[in-house]
Colleague: 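Okay, here's the structure, questions in a sec.
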Amino acid sequence: MSAPSFRRRLALGTRVLAAELRLSSEGLLEGHVHEGEARRSLAAEAVRAPDGSVLLRVGGEAVRARVVRQGDVTTVVVGGRAYELRDAEQAAPGQAAAEEPFATSPMTGLVAKVSVAPGARVAAGAPLFIVEAMKMEYVVRATREVVVREVRRKAGEKVALGEVVVAFEASAAGRA
Amino acid sequence: MSAPSFRRRLALGTRVLAAELRLSSEGLLEGHVHEGEARRSLAAEAVRAPDGSVLLRVGGEAVRARVVRQGDVTTVVVGGRAYELRDAEQAAPGQAAAEEPFATSPMTGLVAKVSVAPGARVAAGAPLFIVEAMKMEYVVRATREVVVREVRRKAGEKVALGEVVVAFEASAAGRA
Amino acid sequence: MSGFPFTTVLVANRGEIALRVIRTLRVLGLRSVAVYSDADAGAPHVLAADRAVRIGPAPARESYLSIPALLQAVRDSGAQAVHPGYGFLSENAAFARALADAGVVFVGPPAEVLEASADKLTVKRRVAAGGVPVIPGPLGAVPDEPAALQAAARETGYPLLLKAAAGGGGKGMRVVREAGGLLEAAESARREAGGAFGSTVLYLERLVTDARHVEVQVLCDRHGQVRVLGERDCSLQRRHQKVLEEAPAPGLPPEQRRRVHEAGAAAARALGYVNAGTVEMLLDPEGRCWFLEVNRRLQVEHPVTEATFGVDLVAWQLRVAAGERLPPQDEFVARGHAVEARVYAEDPGQGFLPSCGRITALDVPEGPGLRVDGAWGVGQEVSPHYDPMLAKVIAHGATREEAFARLDDALARTAVTGVRTNVGYLRAILADPEVRAGRVAIDLLERRAGELAEPAAPADLVLLAAAAHALLRGAAVTAPAVGAAGAARATPDSPWQSLAGFRLGEPSR
Amino acid sequence: MSGFPFTTVLVANRGEIALRVIRTLRVLGLRSVAVYSDADAGAPHVLAADRAVRIGPAPARESYLSIPALLQAVRDSGAQAVHPGYGFLSENAAFARALADAGVVFVGPPAEVLEASADKLTVKRRVAAGGVPVIPGPLGAVPDEPAALQAAARETGYPLLLKAAAGGGGKGMRVVREAGGLLEAAESARREAGGAFGSTVLYLERLVTDARHVEVQVLCDRHGQVRVLGERDCSLQRRHQKVLEEAPAPGLPPEQRRRVHEAGAAAARALGYVNAGTVEMLLDPEGRCWFLEVNRRLQVEHPVTEATFGVDLVAWQLRVAAGERLPPQDEFVARGHAVEARVYAEDPGQGFLPSCGRITALDVPEGPGLRVDGAWGVGQEVSPHYDPMLAKVIAHGATREEAFARLDDALARTAVTGVRTNVGYLRAILADPEVRAGRVAIDLLERRAGELAEPAAPADLVLLAAAAHALLRGAAVTAPAVGAAGAARATPDSPWQSLAGFRLGEPSR
């Protein structure tokens, strides 16, 4: 009987980890992880709790984890802290360049104010728009001098994390 | 748009209820229940809570219920009390007669002792076997004079609720 | 860091009490080791501990009651102390002695104390000598020989109580009302006691009728200091199984309360008692108290004392076991009222037969003034091998009325499916006028069984809930349509009298 | 039954506080009415109430802050009293007045008291007249005109604090360190205050640095009696948002504690205060206390006082509103130490930006000495419209160390997915040596932001958990194979140093 195995390339923040783990019929989880040039051996006894959480025992230490997979993100909560593993095939190969031709919302919320209009030339550091959620508001500023091409959300409208609110002319710099 | 409807014959203990209820797009649950000759109108506002429980509001009163369906049994917990609705098509038309040709376990547990052997003639009221579960033991007695045909479980074995432990000869009385 | 002479504590128990002990160990910075039988791999106490050791197959005698298996687990885990919980080996002198011999701290009375009080008849003699009134009955074990047993019973007089000398918690205990039932009761009690405690010795006592069960929580250090942490009333019992416990005992005149506390302290002193213990007493209608027995462990119902005194009794057990001195009596001050309900997996509609199975849905109540000690969860198997208690729900309030109302509201918000429970029965008890008035007595639950029977099912409501569940499944949870529906709109002409009287948080009709 | 002059109470709030108030109403035998916006249909407080009334669309200004909508809900539901919770209209004099005019009891300070203390500057003058020391700053509103505003700020001196006159809870509050940021800060604070309170009036105060935030819980009846229920320390704040609160304040010399309590009582008397209130003060490094403001409502952090004093403050609010007299001061006695952590839906890794979404999994910790006040649940939507607080976890212990250890263990057992939370950050705070030593100060969290940053992820452990989850899904929960595996068997040569130091219940490296 071949042991069920877990082979995945996963991104954890900026780290990319390639895991190769097998579960024996006795509940022993064993294998390796590759990270860049490094290769580490891993082993733990694994139990699934009736509530669906996972218990790992390693060297007499017990760690309980709550794991939820949604889309290409696996969230692992350990000791109250949540870690997000992203399937690395889908993960961006590098961080997006600073000079995007648009400004996106840093959080899901409501647009509280838009300070610019199409055609406006905005200096680096000047406010573009304000997003508000719960008790907090966040001022999004131009990171360089830009010319506004389009404003896609107006004050009072909902906006999701990462959604474009203001687009720039491809003039000044960067990829168009 | 036709309203989703709930039409079922259900047994609640010894009562048999035929429900005909519809849910309007506004969350109003309305219809009738037939019970024997009686017919009653029912209406309630119904909401499904994020945790999957159900909230009913009737005349300013709120009742929260946890409902679980498993097989042909729907368990409804209200105010801490659990009620079991059995699909009436499958439900026995009447209670089983007292003179079954066997004795069953009244609970899931372990057989603590079997007091009879095949061929034994047992007087009404005499102990047949003892089932034990958790802190409790239960003595199953002959409800009439019987002759033991077969003993299907021995001491120390597990037994499920309703399982036959001792079978009788079809001699004395009743259906064979 | 911890200031304890041990760093790793093995918890020789299972279920809610093992979990509760582990919680305190973590808070005190001590490492916890759980033990488990095959029926308990994946159980909550196993998952909560820093380490877990298998000790045997499902039957308790081969696992939680097996001294060799537990000693092996202690060695394997390197534990320097053992907390026994309640039940199982918690009052077993041989276990405490074996641990002492191995240089392991037993978090309970020292082996000498357990040995000198292992026989409850000796205990009875010793506390009597210490001036504590005891219940009439022969101060010797029930003979095996039927004729001799019947003679001893006749001498004591019926109704009487058969008790396992090594017993506790209602196991191996039988009321015998007349000579006819004596032999079968003795056999059954012996079998139960043998299974639970490994000893079949029984003794007889006169049954004190119309009494209340009042017990004193004592805490004694190794330096001879005895502290009384008030009393609890545990009169509400069904078949010697406590169902509802409260602190303080309701309606006790100050003079009676003082006498009860003094008897508790005197019993502890007479036994040279050390660690947390409980002196159980009967309070008869004339206000006289009778020594019943001493429980040489943490009680199931200890949380009501913790709630009123604001202490962690397990932490005190560990400190006392570590040799610490107790603070003066006046530092233990009670506040308000607390009540505990035991949620059992049993079917009140079928003669309270145990109900085994797997929990399929569970709503655990929460809120200010509430505490729930359980080891339950969705997917959890309720096994026939162990105690049927699923959880304890404890409520604290400024007054008894407030604590009872809070407990009832909590039980109304409790939902268990997959196994049947006594939650409805508990709510019926809380609604009982005699209980509410504080007129509790050991026979109350039996006497009022008719009034406490399950009320008729609110059939229409149950149907509506089933229909709502079926029709709303997969529906958007916060459907704007429902939100926009505004205030409740009853159809004024529908026959909703039955539902109008039905309110969560109040006992239904 | 209840002894109250009202039987139905409308709770003019949402979330955990609405739920918490409803729990007490049920215990007291009072009927509860919830209100909800379209974003909250199906929210926990709506499901818990006896009745629920829709009051408007999602934005607070059109629902929870709309006096006409709430008055309509009061009429529709027949409520004879209104509990406002905290935030929203809880300190709104116009709301209290409108209710009083309609003959409805406001469970908070009477309209006259709120009217006479609506302007925080007036309050400052009045408490100063009552002998309470106040923080330097102009006793007038910040002018709209930029030049005048800049002049007032110069006069006060930088660094200074801009505060919404109608504010509270950190909303509409800005620290301004130099003239350059003044105008934008004022605009931003005005916008936030307008959104939250319907008033854009701001005022200036000198920023008292290196101070602790200590606040006194007062309870005043309608008969002129003022009671002090100890103090709380709420120094651990991030951007004027309290994060961790405790009672009593750690390391306060008895003389300072007495002065703080006296200042609290004096402030309450100077304002003719009635009902539960909080007098916030700054304690500077020299041990001087400065009046900050009076919160004329229940505080978010009231459970730490409830835990130490063993009282239900909402019940007392209702009794005082019903005209009851308070018991003598010596009946309020504190015991032990309590600490509260606020669990926010925010992302500490991304500058603490709010995190909206739907909760996909949730483990709520339980255990003795713990209380969790939340209105969360799997499937619950965390909406951008309201406060990002998901829940409060409160731990009580005999000592501060015990309470902190219990809280940390509880947070370690908390799991939320679907939205990001600050639970890891809270655990880092609890592990901070300065915090553990009780050397708390308002600037601590900012000053030690580097030390409190998320530690590196335990990557191998996270991978193992993900793999275990994927491979064990659908596996038998209590697989005998696992049970039979016995004690943990580590592969001794595997590089598990990283995991060996990782223990649930302890702050990870």
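The chains referred to below are lettered A, B, ... by the order of the sequence lines, with proteins before strands, and numbering in each begins at 1.
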Colleague: I need the L110(B) CG to H385(C) NE2 distance, nearest 0.5 Å.
Modeller: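 With rounding to 0.5 Å, CG (L110(B)) is 5.0 Å from NE2 (H385(C)).
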Colleague: Rounded to the nearest 0.5 Å, what's the gap from CG on L464(C) to CG on L56(B)? Could you check?
Modeller: 6.0 Å
Colleague: Looking only at non-hydrogen atoms, find the nearest pair between G79(B) and R427(C) and report the distance.
Modeller: O-NH1, 2.7 Å
Colleague: With respect to chain B, which residue among P59(C), S383(C), A60(C), A465(C) yields the maximal number of heavy-atom pairs within a distance under 4.5 Å?
Modeller: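 The answer is A465(C).
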Colleague: Can you give the donor-acceptor pairs under 3.5 Å from side chains of residues 156-164 of chain B to other protein atoms, not counting sequence neighbours?
Modeller:
{"from": "E157(B)", "atom 1": "OE1", "to": "K154(B)", "atom 2": "N", "distance (Å)": "3.0"}
{"from": "E163(B)", "atom 1": "OE1", "to": "A160(B)", "atom 2": "N", "distance (Å)": "2.8"}
{"from": "E163(B)", "atom 1": "OE2", "to": "R153(B)", "atom 2": "NE", "distance (Å)": "3.2"}
{"from": "E163(B)", "atom 1": "OE2", "to": "R153(B)", "atom 2": "NH2", "distance (Å)": "2.2"}

Colleague: Can you tell which part of R7(B) gets under 4.5 Å to a heavy atom of chain C, answering side chain, backbone, both or neither?
Modeller: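 For R7(B), no heavy atom lies under 4.5 Å from chain C.
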Colleague: Report which part of S355(C) has an atom under 4.5 Å of a heavy atom belonging to chain B: side chain, backbone, both, or neither.
Modeller: backbone
Colleague: Keeping the roles fixed (side chain from R413(C), backbone from G80(B)), state whether a donor-acceptor pair exists under 3.5 Å.
Modeller: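 Judged by distance alone, no pair lies under 3.5 Å.
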Colleague: Just so I know, are the side chains of V416(C) and V77(B) near enough to count as touching, which here means a heavy-atom distance under 4.5 Å?
Modeller: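 No, too far: nothing below the 4.5 Å cut-off.
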Colleague: Any heavy-atom pair between the side chains of R40(B) and D460(C) that's under 4.5 Å?
Modeller: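 D460(C) vs R40(B): side chains touch.
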Colleague: Which bit of E454(C) is near chain B, if near means a heavy-atom gap under 4.5 Å: side chain, backbone, both or neither?
Modeller: side chain
Colleague: Is chain B contacted by the side chain of A470(C), its backbone, both, or neither, given a heavy-atom distance below 4.5 Å?
Modeller: side chain
Colleague: Determine the option with the most heavy-atom pairs under 4.5 angstrom with chain C, choosing from V67(B), L29(B), V54(B).
Modeller: V67(B)
Colleague: Decide, yes or no, whether a salt bridge links R420(C) with E84(B) under the criterion of side-chain N to carboxylate O below 4.0 Å.
Modeller: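 A salt bridge links R420(C) with E84(B).
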Colleague: Provide the closest heavy-atom pair for P354(C) versus M107(B) in the form atom of the first, atom of the second, distance.
Modeller: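 The pair with the smallest heavy-atom distance is CD-SD, 3.2 Å.
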Colleague: Would you sort out whether L463(C) and R8(B) count as a side-chain contact (heavy atoms from CB on, under 4.5 Å), showing the intermediate values?
Modeller: CA-CA 10 Å; L463(C) 280 182; R8(B) 274 196 221 152; over 6 Å; no
Colleague: State, with a plain yes or no, whether a side-chain heavy atom of P455(C) is found less than 4.5 Å away from one of R81(B).
Modeller: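 Yes. Closest side-chain heavy atoms under 4.5 Å.
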Colleague: Give me the atom names and distance for the closest heavy-atom approach of L471(C) to S5(B).
Modeller: CD2-O, 3.5 Å
Colleague: If you tally heavy-atom pairs under 4.5 Å against chain B, which of N422(C), D363(C), D347(C), T360(C) wins?
Modeller: D363(C)
Colleague: Determine the minimum heavy-atom distance between G109(B) and P384(C), stating which atoms define it.
Modeller: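 Smallest heavy-atom distance, with atoms named: CA-CB, 3.7 Å.
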Colleague: Does OH in Y138(B) sit with more than 12 non-hydrogen atoms of other residues, nucleotides or ligands closer than 6.0 Å?
Modeller: no
Colleague: Measuring heavy-atom distances to chain B, does E184(C) have an atom under 4.5 Å in its side chain, in its backbone, in both, or in neither?
Modeller: side chain
Colleague: Test: side chain to side chain donor-acceptor pair (under 3.5 Å). Region: residues 109-118 of chain B. Which pairs qualify, not counting sequence neighbours?
Modeller: K113(B)-E187(C)
Colleague: Name the member of T74(B), V76(B), T75(B) that forms the most heavy-atom pairs with chain C at distances under 4.5 Å.
Modeller: V76(B)
Colleague: Do you know the tightest heavy-atom contact between R66(B) and A361(C)?
Modeller: CD-CB, 4.1 Å
Colleague: Out of A415(C), A467(C), G351(C), return the one with the most heavy atom pairs under 4.5 angstrom to chain B.
Modeller: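 Of A415(C), A467(C), G351(C), A467(C) has the most heavy-atom pairs under 4.5 Å with chain B.
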